[in-house]
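Lettering of chains follows the sequences in order, A, B, ..., and the numbering in each one begins at 1.
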Amino acid sequence: MPELPEVETVRRMLAPLVTGRRLLEIEHDDPARYATAEAAVGRRVLVLRRRGKYLIFTLEGGIELIVHLGMSGSLRISEGTHTRARLEFEEATVFFNDPRRFGRLQAVPTGDYRTLPTLARMGPEPLSRGFTARVFAARLARAARPLKPALLSQEPVAGLGNIYADEALWRARLHPARPANALAPSEVRRLHRAVRAVLRRAVDRGGSTLGDGAYTRPDGEPGYFQIEHAVYGRAGEACLRCGGTIERSVLGGRSTHFCPRCQGGQAATMPTRG
DNA sequence: GCGTCGTCCTGCGCGC
DNA sequence: TGCGCGCAGGACGACG
C-alpha cells in the first residue's frame, strides 16, 4: 500500500520523464472516477511534487493533476493487467494501474482542495524542516484518540499509512493505543525521531513491496524496505529488540502490529484478533 | 468539533 | 477442483 516512501519513489522516477512535457491525452475506462482529470489535458507539467501520499502534477494555467494511489495503485511506464488510465505526455506514457480501484485521479485549480479534505487538513511533511518535535507535539495534543488512528488521519504528520505508523511506533517504543494527546515531551521526541528515521530509511530502500505485489516502482521493480519491517506482517514472531512476541490487533478498524512487551503501556486492554 | 463506523472495490487465501 | 466467504487497505461521508 503506497505510503510516503512509495509515492516519493514514484515521484523521483517519473519527474525526469514528465517535467516540462505537455500532457496530450488521458484515456480511461471509468468516467465516474476519472472524468475530472481531463481538465489537465493540453497543459505542460511545471513540476511533479508530493504531498503526503498524494502526487501532484503542477500544470501551466493554474491547474493541478492530483493522483492518489489508494491501496493498490501504481504509476508505471508500461501497461499492467489493471490499467485504469493512460496518461500520454510528449515523449512519455504513464499508466495508472489500480486493481482495487481505490486510487484517485483528478484535476483541481491549483491549491483548491475542497474535494480532498484529507489533503486540505494535512499535517507537515515529515522530512521537511518544518516538522519539528514542537510542531508535532502541538498537533498530537489536538487528538484524544489512540496514536494509531491519529497518525493515519494525516493530521499530526503527513504520509504515514498502516505499515509505517506501526514501524514508527515500534521504534519509539510507544503502544498504538496510547491516547495521542497524553504523551510526555520525551515520548513525542522519540516518536518524532522514529517517524523521520523510518521514512528516510524506507525512501532509501525504494519503499515496501509486500507479497501481494500491489506496489512496484514505475519500472516494475520492487522496493526493499519490507525485509526491514520490525513489526508489520510479523505477528507471532519474535520482537527484534526484546524477544517478546509481536501481536496483531485491530485498532481504528485497521490491523495493528506491535510488541506488547517493549511497547508497554496499555497492552493488557488491547483486544486481539487473528 | 470530534471520534467511530460503514462503504467503496477486487484479488487472494482459506475452508468446505 | 471449484465455490463462497472474509480479509486487506485509504479516504470520506454519515452519524452520534
Got a sec, which residues hit side-chain hydrogen bond (donor to acceptor under 3.5 Å, both in side chains) with A:Arg134, two or more places apart in sequence or on another chain? none
Which ranges of DNA chain C pair up as stems, where a stem means three or more consecutive Watson-Crick or G-U pairs with both distances under 3.5 Å? B:2-16 with C:2-16
Short heteroatom pairs, N/O only, protein and nucleotides 10-14 of chain C, under 3.5 Å:
residue	atom	partner	partner atom	Å
C:dG10	OP1	A:Asn162	N	2.9
C:dG10	O3'	A:His68	NE2	3.2
C:dG10	N7	A:Arg254	NE	3.3
C:dG10	N7	A:Arg254	NH2	2.3
C:dG10	O6	A:Arg254	NH2	3.0
C:dA11	OP1	A:His68	NE2	2.4
C:dA11	OP2	A:Lys53	NZ	3.4
C:dA11	N6	A:Arg254	NH2	3.3
C:dC12	OP1	A:Arg104	NH1	2.8
C:dC12	OP2	A:Thr118	N	3.0
C:dC12	OP2	A:Thr118	OG1	2.3

Residues two or more places apart in sequence or in another chain: which of them pass side-chain hydrogen bond (donor to acceptor under 3.5 Å, both in side chains) with A:Glu237? A:Arg234
Just by distance, do the side chain of A:Glu38 and the backbone of A:Ile26 share a donor-acceptor pair under 3.5 Å? no
Does A:His82 have a side-chain nitrogen or oxygen under 4.0 Å from the phosphate oxygens OP1 or OP2 of B:dT10? no
Interatomic distance where CG belongs to A:Asn181 and C1' belongs to B:dG1 [whole Å]: 14 Å
Return each pair, listed once, that meets side chain to side chain donor-acceptor pair (under 3.5 Å) where at least one residue sits in residues 151-161 of chain A; pairs must be two or more places apart or across chains. A:Arg121-A:Glu155
Residue pairs passing the side chain to side chain donor-acceptor pair (under 3.5 Å) test with at least one member in residues 5-14 of chain A, sequence neighbours excluded, are A:Glu6-A:Tyr164, A:Glu8-A:Arg11, A:Glu8-A:Arg12, A:Glu8-A:Arg50
For A:Pro146 and A:Arg84, find the nucleotide of DNA chain B closest to each by heavy atoms; which residue's nucleotide sits nearer the 5' end? A:Pro146
Nearest-angstrom distance from the residue atom CG of A:Leu105 to P of B:dC9: 16 Å
When clusters are formed from ILVMFWY side-chain contacts under 4.5 Å, directly or step by step, what else is grouped with A:Tyr113? A:Tyr54, A:Ile56, A:Ile66, A:Val108, A:Leu116, A:Leu119, A:Met122
Which part of the nucleic acid does A:Arg33 contact within heavy-atom distance under 4.0 Å: base, sugar-phosphate only, or nothing? sugar-phosphate
Please give, in whole Å, the distance from B:dG13 P to A:Arg100 CZ? 11 Å
List in chain and number order the residues that pass side-chain hydrogen bond (donor to acceptor under 3.5 Å, both in side chains) with A:Arg129, two or more places apart in sequence or in another chain; answer none if no residue qualifies. none
Tell me what A:Arg145 touches on the nucleic acid: a base, only sugar-phosphate, or nothing, going by heavy atoms under 4.0 Å. base
Residue pair A:Thr93 / A:Glu88: nearest heavy atoms and the distance that separates them: OG1-OE2, 2.9 Å
Whole-Å distance, A:Glu155 CD to B:dC2 P, equals 8 Å
The criterion is ring pair (Phe, Tyr, Trp, His ring centres under 6.0 Å); which residues satisfy it with A:Phe136, sequence neighbours excluded? A:Phe131
Using a 4.0 Å heavy-atom cut-off, does A:Tyr232 contact any base of the nucleic acid, only the sugar-phosphate backbone, or nothing at all? sugar-phosphate
